[in-house]
Q: 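Sharing a structure, written as structure tokens. Questions coming.
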Amino acid sequence: MIFLFIFAIMKDYLLQLNESQRKAVIQINGPVMIIAGPGSGKTRVLTFRVAHMISEGIDPFRILCLTFTNKAATEMRQRIAQLHHNDARNLWMGTFHSIFAKILRIEGHRLGYSSNFTIYDTADSKSLIKKLVKDLIPTSKQKLYKESIVYNRISSAKNKLITPEDYEQNIDMLNEDISNHREKFGFLYAAYSQQCFHNGAMDFDDLLLKTYQLLQRCPDVAYKYQNKFKYIMIDEFQDTNHAQYEIIKILAAVHENLCVVGDDAQSIYAFRGATIANILDFAKKYDDLQIYKLEQNYRSTYHIVNTANEIIKQNKNQLVKTIFTERGEGNPIIELIATTDNDEGRIIADKVFELKMRHQLSNKNFAVLYRTNAQSRAFEEAMRRLNIAYKIYGGLSFYQRKEIKDMVAYLRCIVNPLDEVALLRIINYPPRGIGDATINKLLVKSREQNKSMWEIMQQASLNGFSKRTAEDIETFSYLLKSCQIMLAEKNAFAMAEYIAKHSGIMKELYNDKSVEGVSRYENLIELLNSIKEFTESDVAIDADGVLPDDKSLGSYLQQISLLTDTDNIDPNTLDTVSLMTIHAAKGLEFPVVFVVGMEENLFPSIMSISSLEELEEERRLFYVAITRAQDHLFISHATTRYKFGKLEYSEPSRFIAEIPNGNFKRMKSDRQANLGDRHFTTIPSRSNNIFTRNINNRPKPSPAPLANFKADDTTRLEVGMKILHIKFGVGKVSAMDGVGDNRIAVIQFENEGEKKLMLKFAKLKII
DNA sequence: CGCAAAGCTTATCTG
DNA sequence: AAGCTTTGCG
């Protein structure tokens, strides 16, 4: 009776949900955790939950919805807009980075930042670090401080909310640095932070760290947002890092209406600080927590779902959860074996062609998923050869191209002349007579007088430059200066057009008639067109941190700084085969999926195979890959592959062995026999080299493992000892490194050359 | 100072 | 294989 009554008054959208989905949607008060397996209707639950709140009379202005990627934010925003057209515009919905950037634009002056601060992308940060290393570290030690290593170290400190001051006090980090002979990390971190501040810039990690500091140091600001956001929802909670979690906790502290949605099995961002500890801590912190599990998979058929379950079972670190499907048995997973990376491309393209015919499918029903962006080339070439329309997502984004970064650097200099990274990028591009010697002199003067480089440039003649040089510098600074004056009255497009013409960039690219040069010129034009579009469009609800009617250059730069190429994945409007990394494919689904490059050292990546944690992350990544498929799943690998321009052997991924036999159709590799005829004549560019490759000269991998192999205890292993490895054969220890669990032996194998083995994992017999 | 050629490094994933 | 840096010369 009561149930009937409830159904009678139940809002019709609630009838579109299963029971656990519905419960999760209705429970809007208090802390809630939703564990959502792949294909379980997670986005649906999230959007309906917001819609439910709005129809319950909650002001959208008081709802905060945080996602991990722009892609997820855009999708959710569109879906909510469909349900609640007008109300949705006041919702605060976006990525962590974009929402925090929005808060920092408004409140950043409390920490000494101007509201037009620049956001550095990874390349900007690295170029600054590189320069600091050059200036501050003795030449002989510079190779220890590669910009990417320093950048990662700083990034991981920031994601743990460790400031430069904290760093100097942090025994763990200092000890780690000392044992790596990199004791200057802390010093570089401090120098980098200081320089960013002087430049009026924040990097991606600062958007988190500075937001945290802001809320910590300014209780009134914290109070303001704590009260504003009565309801908070976090998507992909398993991917949040420590900094993000701490900020969320502060924001939710007053109302505690916090809902997190995630799936520990799909956590694939630990490499940048995400931690499962957040999920565990969450359950501990809120004892009135309501937990809902969404385990029904609406996406895939049985063979796929069962494989996914069996794969993830291999991981030790996981919350137990089993997904199920009612979609029927479906097709078993099929293995494809190729001889080379190019061959793999052709096999997949052939298969796409065949399936399109056989099952009446269109291009957009197919996805090729790979571990690294570098793998895309072979598939691209193969698809093109068969005239199959494809699109590559990710990779070098439009905004990372040199010509675009150059142009954007000009725009950034106009809006924020303190931005030394941008200034150095364009000061002599196109060449205008300001060479290295002059630039160094400018920098020295600026440090001596404690003024920005920009200030020194404007008074070049007073700073002891030759007449000719001073003129060159002043001509350039006059150009920027005049643009700054125009800034107040001209829109972004007018500014960009002016600078493209007067800086010489446009002419420089136009005069380059090479193939690449023409494409660079076209890209510049495309950028200008997109800026024009920006100034003419009605930005309504889909641009965080931007006032709808603000068409200024500053507003434009803010909008693009957090954009990436993967944002615009809309496989439904274009009929193309999708090529992308598995990371980029998260959240998407396709009727036919090819997971390619399933080889040891590629997937799992060579970077991850020495630690259990990282290996488990690779396995979760495989889980994500598998669960993208709705009906057909193919797994492919090649026996040889080019790496760094060299042909190398590759063995099938260990993950293939983990696929249950009952769900898997292994393919006989009859292609091996054909090596040389069909394949190599179709690809002339490489077939020329066939006889110079040393395939046959190379020592073949050792024969099958010895059945009675028994590993010795390696704690007493030392330099000079001879050992036997189950796969690599006989070798001699040439060096040892590390202590305890991290001990590494460098071994010269008779047939395999030098290998570095982690003793924790390596199975060795001492002989 | 600017240019071209030679040499060196690099390729995990992302906002 | 490709991009970036260093080197050597006019």
Side-chain angles (χ1 to χ4, degrees), chain A residues 66-73 94-101 119-127 130 134 142-143 146-149 151-152 155 158-159 202-208 236 239-241 243-244 267-274 341 369-378 393-397 399-402 428-439 466 468-469 472 516 544 560-567 580-586 597 601-609 614 617-618 620-621 624-625 641-648 685-686 689:
Chain A
L66 293 172
T67 65
F68 208 65
T69 59
N70 288 307
K71 188 177 72 189
T95 62
F96 282 94
H97 289 88
S98 73
I99 294 290
F100 294 166
I119 296 175
Y120 280 169
D121 67 15
T122 310
D124 297 322
S125 299
K126 284 183 181 171
S127 106
K130 196 170 179 180
K134 230 175 201 167
Q142 286 181 7
K143 59 182 184 305
K146 287 217 172 80
E147 60 271 23
S148 49
I149 295 176
Y151 176 84
N152 287 333
S155 173
K158 285 182 178 175
N159 286 330
M202 294 199 203
D203 66 17
F204 288 142
D205 300 309
D206 281 333
L207 296 175
L208 311 182
E236 307 281 16
D239 289 334
T240 53
N241 61 35
Q244 289 162 329
S267 160
I268 55 174
Y269 287 97
F271 73 92
R272 64 186 217 205
D341 39 7
L369 308 183
Y370 35 77
R371 179 67 180 82
T372 68
N373 279 307
Q375 288 165 255
S376 65
R377 207 207 72 257
Y393 295 92
L396 191 62
S397 105
Y399 295 101
Q400 290 171 304
R401 288 164 205 255
K402 184 189 176 300
N428 199 33
Y429 177 81
R432 51 172 68 87
I434 308 177
D436 287 348
T438 309
I439 292 170
S466 72
R468 169 80 185 279
T469 310
D472 287 340
E516 302 83 30
D544 272 303
I560 63 166
S561 58
L562 293 168
L563 274 186
T564 56
D565 258 11
T566 41
D567 300 348
M580 63 180 88
T581 63
I582 301 165
H583 283 88
K586 193 170 180 190
N601 297 342
L602 183 59
F603 191 16
S605 156
I606 191 162
M607 313 292 286
S608 68
I609 49 181
E614 288 174 90
E617 173 142 318
E618 295 283 307
R620 291 193 296 270
L621 193 58
V624 169
R641 178 179 297 277
Y642 276 91
K643 280 175 187 163
F644 294 108
K646 272 191 163 161
L647 192 73
E648 298 204 351
S685 62
R686 281 193 182 166
N689 303 331

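Note: hydrogens, waters and symmetry copies are ignored here, and every other heavy atom, side chains too, is used. Every chain is numbered from 1 and lettered A, B, ... according to where its sequence line falls, protein lines coming before strand lines.
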Q: Classify A/N373 by what it touches in the nucleic acid, base, sugar-phosphate, or nothing, heavy-atom distance under 4.0 Å.
A: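 A/N373: backbone/sugar contact only, no base atoms under 4.0 Å.
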
Q: Could I get the full list of side chain to side chain contact (heavy atoms under 4.5 Å, CB included) partners for A/N152, not counting sequence neighbours?
A: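 Partners of A/N152 under the side chain to side chain contact (heavy atoms under 4.5 Å, CB included) test: none.
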
Q: To the nearest Å, how far apart are A/K158 NZ and B/dG15 C1'?
A: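 The distance from NZ of A/K158 to C1' of B/dG15 comes to 14 Å, rounded to the nearest Å.
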
Q: Output all residues satisfying side chain to side chain donor-acceptor pair (under 3.5 Å) with A/S466, sequence neighbours left out; order by chain, then residue number.
A: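 Residues passing side chain to side chain donor-acceptor pair (under 3.5 Å) with A/S466: A/T469.
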
Q: Can you sort out the partners of A/R641 under salt bridge (charged side-chain N to carboxylate O under 4.0 Å, His left out), two or more places apart, ordered by chain and number?
A: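 A/E344, A/E599.
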
Q: For the base of B/dG15, is there a side-chain donor-acceptor partner from A/T122 under 3.5 Å away?
A: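 In this structure, the two groups form a donor-acceptor pair.
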
Q: Need one value for A/Y269: base, sugar-phosphate or nothing, where a base atom within 4.0 Å counts as base even if backbone is also close, heavy atoms only.
A: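 A/Y269: backbone/sugar contact only, no base atoms under 4.0 Å.
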
Q: Nearest whole Å is fine: how far is B/dA11 C1' from A/D341 CG?
A: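 Interatomic distance, CG of A/D341 to C1' of B/dA11: 13 Å.
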
Q: State whether a side-chain donor-acceptor pair under 3.5 Å links A/S608 with A/S605.
A: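 Note: A/S608 and A/S605 side chains miss the donor-acceptor criterion.
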
Q: Measure the shortest side-chain to side-chain distance between A/F96 and A/E236 over non-hydrogen atoms and say whether it is less than 4.5 angstrom.
A: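 No. Closest side-chain heavy atoms not under 4.5 Å.
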
Q: Test of understanding: with side chain to side chain donor-acceptor pair (under 3.5 Å), list the residues that count as partners of A/D472, not counting sequence neighbours.
A: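 A/D472 satisfies side chain to side chain donor-acceptor pair (under 3.5 Å) with no other residue.
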
Q: From the options B/dG15, B/dA11, B/dC13, select the nucleotide whose nearest atom is closest to the side chain of A/F271.
A: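 Out of B/dG15, B/dA11, B/dC13, the nucleotide with an atom closest to A/F271's side chain is B/dC13.
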
Q: Set out, line by line, the N/O atom pairs under 3.5 Å between protein and nucleotides 8-10 of chain C.
A:
none

Q: Between B/dA11 atom C1' and A/K126 atom NZ, what is the distance in whole Å?
A: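 After rounding, the gap between these two atoms is 12 Å.
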
Q: How close or far is atom C1' of B/dG15 from atom CZ of A/R272, stated in whole angstroms?
A: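 After rounding, the gap between these two atoms is 5 Å.
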
Q: Tell me whether the side-chain N/O atoms of A/T581 come closer than 4.0 Å to OP1 or OP2 in B/dT14.
A: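 Yes, because at least one side-chain N or O of A/T581 sits under 4.0 Å from OP1 or OP2 of B/dT14.
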
Q: State, with a plain yes or no, whether a side-chain heavy atom of A/I268 is found less than 4.5 Å away from one of A/I582.
A: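 SC-SC contact between A/I268 and A/I582 ruled out.
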
Q: Can you tabulate the close N/O pairs, meaning under 3.5 Å, that link protein atoms to atoms of nucleotides 1-10 of chain B?
A:
from, atom 1, to, atom 2, distance (Å)
B/dC1, OP1, A/T438, OG1, 3.0
B/dC1, OP2, A/A437, N, 3.2
B/dG2, OP1, A/G433, N, 3.4
B/dT10, OP1, A/K146, NZ, 3.3

Q: Rounded to the nearest Å, what distance is computed from the OH atom of residue A/Y393 to the P atom of nucleotide B/dG15?
A: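 Result: 15 Å.
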
Q: Return the set of residues passing ring pair (Phe, Tyr, Trp, His ring centres under 6.0 Å) with A/F204 (not counting sequence neighbours), or none when no residue passes.
A: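 Residues passing ring pair (Phe, Tyr, Trp, His ring centres under 6.0 Å) with A/F204: none at all.
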
Q: Measure the distance from OH on A/Y370 to C1' on B/dA11 and round it to the nearest whole Å.
A: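 Rounding to the nearest Å, OH of A/Y370 and C1' of B/dA11 are 14 Å apart.
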
Q: Applying ring pair (Phe, Tyr, Trp, His ring centres under 6.0 Å), can you list everything that pairs with A/F603, at least two apart in sequence or on another chain?
A: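 If we apply the ring pair (Phe, Tyr, Trp, His ring centres under 6.0 Å) test to A/F603, skipping adjacent residues, the hits are A/F622, A/F655.
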
Q: Using whole Å, report how far CG of A/N70 lies from P of B/dG15.
A: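 Answer to the nearest Å: 6 Å.
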
Q: My understanding is that only residues two or more places apart in sequence, or in another chain, count here; which of them pass side chain to side chain donor-acceptor pair (under 3.5 Å) with A/T240?
A: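 Partners of A/T240 by the side chain to side chain donor-acceptor pair (under 3.5 Å) criterion, ordered by chain and then number, come out as A/N278.
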
Q: List the residues meeting side chain to side chain donor-acceptor pair (under 3.5 Å) with A/D206, not counting sequence neighbours, and say none if there are none.
A: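 Checked A/D206 against side chain to side chain donor-acceptor pair (under 3.5 Å); matches are A/K158.
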
Q: Can you find an N or O donor on one side and an acceptor on the other, under 3.5 Å apart, linking the side chain of A/D205 with the base of B/dG15?
A: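 Donor-acceptor pair under 3.5 Å: yes.
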
Q: Check the distance between B/dC13's C1' and A/N152's CG and give it to me in whole angstrom.
A: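 Roughly 12 Å, once rounded to whole Å.
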
Q: Anything under 3.5 Å between a protein N or O and an N or O of nucleotides 3-7 of chain C, put it in a table, one pair a line.
A:
from, atom 1, to, atom 2, distance (Å)
C/dT5, OP1, A/K130, NZ, 2.9

Q: Sequence neighbours left out, what passes salt bridge (charged side-chain N to carboxylate O under 4.0 Å, His left out) with A/K402? Give chain and number order.
A: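 Once residues adjacent in sequence are excluded, the partners of A/K402 under the salt bridge (charged side-chain N to carboxylate O under 4.0 Å, His left out) criterion are A/D406.
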
Q: Classify A/F96 by what it touches in the nucleic acid, base, sugar-phosphate, or nothing, heavy-atom distance under 4.0 Å.
A: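 The residue A/F96 makes no contact with any strand.
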
